[in-house]
S.K.: 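Pasting a structure here, questions to come.
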Amino acid sequence: MWREASIAVVCPVVPIPTLSALDLPTPCTVRQRLVALFRLIRARRDLQYLGLDEAISKLERRKACVTPRCDRTTLLSEAHAFSFTARLMRSHDQCLPRSLAVTTRLAALDIAVDLVIGVRLRPFAAHSWAQTDAILLNDRFDTVRSYQPILVV
């Protein structure tokens with residue numbers, strides 16, 4: 001017998017983005033680009049073989065070990081390394097693996113970043129992005145402003 005759960009879950013409040021890292025020209029190294037490419041491939045594989053629930057659980061476990069710090073230079077150069085991967089690998093309809101890859105990479109560097117999943121109703125759509133405070137890392141403000149966050153990891 002199937003029963004509907006009556007548990008209300010409230011999404012944590014995330015700051016409204018005011019800045020996109022993609023709008024700030026920041027150099028990145030070849031090594032950062034290669035690591036970004038590897039992380040993106042790994043995130044796609046994790047989502048395909050582990051599923052969304054386990055991929056998010058894996059990210060939560062990794063983030064639990066992070067000592068929060070924010071090195072803005074590293075943050076911006078890593079964001080640009082991931083934006084570079086869009087030239088090499090398909091990026092359309094790949095917001096979740098891209099956001100998962102960015103947050104996982106920055107967690108490995110001990111930089112606390114949130115993976116945000118949001119929805120809009122008319123027309124219905126879902127989207128995800130990486131964000132720290134009010135800085136978008138892998139998206140632009142115009143894209144995310146129409147989405148209401150429903151999950152923050």
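Quick note: numbers below take in every heavy atom, side chains included, and nothing from hydrogens, waters or symmetry partners. Please read these numbers as outputs of a predicted model, since none were measured by experiment.
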S.K.: Report the distance from atom CD of E60 to atom SG of C65, rounding to the nearest 0.5 Å.
M.R.: 12.5 Å

S.K.: Do the side chains of I56 and L151 get nearer than 4.5 Å, heavy atoms only?
M.R.: yes

S.K.: Can you measure from CZ (R105) to OG1 (T74) and round to the nearest 0.5 angstrom?
M.R.: 9.5 Å

S.K.: Find the distance between CG (L47) and CG (L52) and round it off to the nearest 0.5 Å.
M.R.: 6.5 Å

S.K.: So, N138 side chain and A130 main chain: donor-acceptor pair closer than 3.5 Å or not?
M.R.: yes

S.K.: Indicate the atoms forming the closest heavy-atom contact of L22 with A79, along with that distance.
M.R.: CD2-O, 4.3 Å

S.K.: Heavy atoms, side chains only, cut-off 4.5 Å: are V113 and L75 in contact?
M.R.: yes

S.K.: If you round to the nearest 0.5 Å, how far is CD of Q131 from CG of L19?
M.R.: 10.5 Å

S.K.: Please tell me whether F82 and L109 are part of a single hydrophobic cluster in this structure, the criterion being side-chain heavy atoms less than 4.5 Å apart.
M.R.: yes

S.K.: Are R140 and D23 packed together at the side-chain level, in the sense that at least one heavy-atom pair is separated by less than 4.5 angstrom?
M.R.: yes

S.K.: If hydrophobic clusters are built from ILVMFWY residues whose side chains come within less than 4.5 Å, do W129 and F141 share one?
M.R.: yes

S.K.: I'd like to know if the side chain of T132 reaches the main chain of I135, judged simply by a donor and an acceptor atom lying under 3.5 Å from each other, with no hydrogens or angles considered.
M.R.: no

S.K.: Please determine, by modelled atom types, if T85 and R98 share a side-chain donor-acceptor pair under 3.5 angstrom.
M.R.: yes

S.K.: Can you give me the closest heavy-atom contact between T103 and L100, atom names plus distance?
M.R.: OG1-O, 3.1 Å

S.K.: If you count the non-hydrogen atoms of other residues, nucleotides and ligands that lie under 6.0 Å from CG in D53, is the total more than 12?
M.R.: no

S.K.: Does G51 offer a backbone N or O that forms a donor-acceptor pair with the side chain of E54 under 3.5 Å?
M.R.: no

S.K.: Does any N or O in the side chain of S99 come within less than 3.5 Å of the main-chain N or O of L96, such that one atom is a donor and the other an acceptor?
M.R.: no

S.K.: So with a 6.0 Å cut-off around CZ of R61, is the heavy-atom count from everything else above 12?
M.R.: yes

S.K.: Is there a chain of hydrophobic side chains (I, L, V, M, F, W, Y, each step under 4.5 Å between heavy atoms) that links V35 to L37?
M.R.: no

S.K.: Tell me whether I117 shares a hydrophobic cluster with L50, the cluster being built from Ile, Leu, Val, Met, Phe, Trp, Tyr side chains joined at under 4.5 Å.
M.R.: no

S.K.: Treat each ILVMFWY residue as a node, draw an edge where side-chain heavy atoms are under 4.5 Å apart, and state whether L136 and V102 are in one component.
M.R.: no

S.K.: Measure across V153 and K63 and return the closest heavy-atom pair with its distance rounded to 0.1 Å.
M.R.: O-NZ, 2.7 Å

S.K.: Are any of the side-chain heavy atoms of L106 and L137 separated by less than 4.5 Å?
M.R.: yes

S.K.: Rounded to the nearest 0.5 Å, what separation is found between the OH atom of Y147 and the NE2 atom of H127?
M.R.: 6.0 Å

S.K.: Identify the heavy atoms of H80 and C28 that sit nearest to each other, and give their distance.
M.R.: C-SG, 4.0 Å

S.K.: Of all the heavy-atom pairs spanning T26 and S77, show the shortest one and how long it is.
M.R.: CG2-N, 3.7 Å

S.K.: Please check: side-chain N/O of R120 versus main-chain N/O of P123, any donor-acceptor pairing under 3.5 Å?
M.R.: yes

S.K.: Can you tell me how far CG of L121 sits from OG of S146, rounded to the nearest 0.5 angstrom?
M.R.: 10.5 Å

S.K.: Taking all non-hydrogen atoms of both residues into account, name the closest pair between A126 and V119 and its distance.
M.R.: CB-CG1, 4.1 Å

S.K.: Has the side chain of S20 got a donor or acceptor atom that lies under 3.5 Å from a matching backbone atom of D139?
M.R.: yes

S.K.: Would the number of heavy atoms belonging to other residues, nucleotides or ligands and lying under 6.0 Å from CZ of R72 be above 12?
M.R.: no

